[in-house]
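The next block holds one structure in the form of structure tokens; read it before the comments.
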Amino acid sequence: MKIFGIFGDPIEHSLSPVMQNAAFRALGQEACYHAFRVSRECLEDALIGAAAMGFGGLNLTIPLKEKALELDILQPDELAEAIGAVNTVSFGRNQRIVGHNTDGEGALQAMKDAAISLRHSKVLLIGAGGAARAIAYSLKNEGAEILVANRNAKKADELAASVGGLGFGLCDLGQLVLQSDIIINATSVGMKDGDPSLFDGRLLRRGQVVFDIVYNRETELLKAARLAGAVAIDGVMMLVYQGAKSLEIWTGLKAPVHVMEKAVRDGLKERR
Ligand code: ATR
């Protein structure tokens, strides 16, 4: 039995275990996938432990994706290095710990499924953490014009500069929303019940696209987008596609995407 898992903090909300266990079952693999609460400070020890115990692979989530790159024990592949964040870990020969990133491809596939065209679109990306970095990298490759807004405006400036865009603080959000074709929330705001909207949802209009990477509940942002007649995309398919790509890295098998999507949607229904 191979052990897989996800490290993060908080981690209770994660549907990755339900999704990956369903995939392993469908593929007839002797494997199980658990969620582990791991803080930034403990990431290095936890990775060394997982390697020593022969884990098959890991996902990393908030707040570990960028921290992983600071560790000498982890070697990022080219994509993770370029993005500046790791969401997938594989273990090679001699307990070699390799960092990958599947978030950007996952987000891109989710937008493609919804027939969103990115080329020459003005995209407002809110957030500058690990997930935002991966999405920014994909947006750049697709030829989008990128505006990055983040609570920590310096981080927004840095991320924007790395993808040829412009950086802002959250106080500029109102006017940025008005001038954008596509608005992406890549922060954790909206994950918790009672989280406020990042900006006044009444600024949204028909014809805009709103993509919120939060998947565990319908956020105030997506509610406002639907009310305004904008296209609203939640984080479910990004979760599914990034997980599918992680599984393909670990096993070399083709991921059963539909099984994974059903497991996530059933898991969400059970929680409601
Ligand atoms: P992930 O790996 O999922 O991207 P992360 O790297 O911890 O997680 O990034 C979280 C993002 O959510 C960051 O952009 C963070 O803003 P800061 O860089 O200013 O910390 C953003 N975020 C978290 N809580 C927030 C809040 N209450 N208001 C606004 N932004 C928030």
Side-chain angles (χ1 to χ4, degrees), residues 6-16 35-43 58-71 74 76 79-80 83-89 99-108 110 123-139 146-163 165 167-174 176-177 183-201 211-217 219-221 234-236 238-239 241-243 246:
I6 181 164
F7 290 175
D9 185 15
I11 198 62
E12 294 70 25
H13 69 280
S14 177
L15 281 174
S16 287
F36 299 90
R37 186 162 180 181
V38 175
S39 65
R40 266 202 191 95
E41 296 68 38
C42 292
L43 177 61
L58 290 168
N59 285 120
L60 302 183
T61 188
I62 292 177
L64 308 173
K65 292 178 182 174
E66 292 166 275
K67 170 76 188 176
L69 278 179
E70 294 169 18
L71 305 177
L74 180 141
L79 181 62
I83 288 172
V86 169
N87 81 322
T88 304
V89 173
H100 313 265
N101 197 305
T102 66
D103 274 339
E105 291 167 85
L108 201 56
V123 182
L124 169 59
L125 176 63
I126 310 172
R133 296 190 76 86
I135 294 172
Y137 183 87
S138 287
L139 292 174
I146 308 170
L147 309 170
V148 182
N150 193 48
R151 181 174 59 181
N152 175 338
K154 192 161 164 277
K155 271 174 71 182
D157 286 340
E158 283 164 9
L159 176 55
S162 73
V163 292
F168 300 87
L170 292 185
C171 53
D172 296 315
L173 270 182
L176 294 172
V177 167
I183 295 133
I184 303 178
N185 174 38
T187 73
S188 48
V189 175
M191 247 165 70
K192 290 195 298 293
D193 214 10
D195 270 0
S197 191
L198 284 159
F199 57 86
D200 184 346
F211 174 29
D212 195 331
I213 72 164
V214 171
Y215 68 77
N216 61 325
R217 48 190 301 279
T219 60
E220 294 306 312
L221 175 59
D234 65 25
V236 169
M238 175 178 169
L239 170 74
Y241 286 125
Q242 64 77 37
S246 298

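Because the structure is a prediction, the values reported are computed rather than measured. Both ligands and their constituent atoms are indexed starting at 1 by order of listing. Basis for what follows: all heavy atoms, side chains included, without hydrogens, waters or symmetry-related copies.
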For G130, counting its heavy atoms only, list the atoms of ligand 1 lying under 4.0 Å from any of them.
1 (P), 2 (O), 4 (O), 6 (O)
Nearest protein heavy atom with distance in Å, relative to atom 4 (O) of ligand 1
A131 N, 2.8 Å
Do any N or O atoms from the side chain of R217 and from the backbone of G190 form a donor-acceptor pair under 3.5 angstrom?
yes
Give me the residue, atom name and distance of the protein heavy atom closest to atom 21 (C) of ligand 1.
T187 CB, 3.7 Å
I'd like to check V214 versus N185 (side-chain heavy atoms, cut-off strictly below 4.5 Å). Are they in contact?
yes
Within the side chain of D157, is there an N or O that forms a donor-acceptor pair under 3.5 Å with the backbone of A161?
no
Return the closest protein heavy atom for atom 19 (O) of ligand 1 as residue, atom name and distance.
N152 N, 2.9 Å
Donor on one side chain, acceptor on other, D9 and S39, under 3.5 Å:
no
The atoms of ligand 1 lying under 4.0 Å from a heavy atom of K155, numbered in the order shown, are 18 (O)
In terms of ring plane angle, is the pair H13 and Y215 parallel, tilted or perpendicular, where the classes change at 30° and 60°?
tilted
A student checking ligand 1 against L170 at a 4.0 Å heavy-atom cut-off should list atoms 29 (C)
In terms of atom number and element, which parts of ligand 1 are under 4.0 angstrom from non-hydrogen atoms of G127?
14 (O)
Under a 4.5 Å cut-off applied to non-hydrogen side-chain atoms, are I135 and L125 in contact?
yes
Numbering as shown, the atoms of ligand 1 that approach E66 to under 4.0 Å (heavy-atom distance)
6 (O)
Tell me which protein heavy atom sits closest to atom 20 (O) of ligand 1, plus the residue, atom name and distance to 0.1 Å.
R151 NH2, 2.8 Å
heavy-atom search around atom 23 (C) of ligand 1 in the protein gives S188 OG, 3.3 Å
Side-chain donor/acceptor of N87 to backbone N/O of N59, under 3.5 Å
no
Protein heavy atom at shortest distance from atom 17 (P) of ligand 1:
N150 ND2, 3.5 Å
Heavy-atom nearest neighbour in the protein, as seen from atom 8 (O) of ligand 1, with distance rounded to 0.1 Å:
I62 CG1, 3.1 Å
Atom 2 (O) of ligand 1 has as its nearest protein heavy atom K65 CD, 3.1 Å
Answer yes when E70 and K67 have at least one side-chain N-carboxylate O distance shorter than 4.0 Å, and no when they do not.
yes
Quick check: V189 and ligand 1, any N/O pair under 3.5 Å apart?
no
Is the closest heavy atom of T61 to ligand 1 under 4.0 Å?
no
For L239, does its backbone N or O pair with a side-chain atom of Q242 as donor and acceptor, under 3.5 Å?
yes
As a test of the contact definition, would atom 10 (C) of ligand 1 count as having a protein heavy-atom neighbour under 4.0 Å?
no
Look at R133 together with D103 and state whether they make a salt bridge at an N to O cut-off of under 4.0 Å.
no
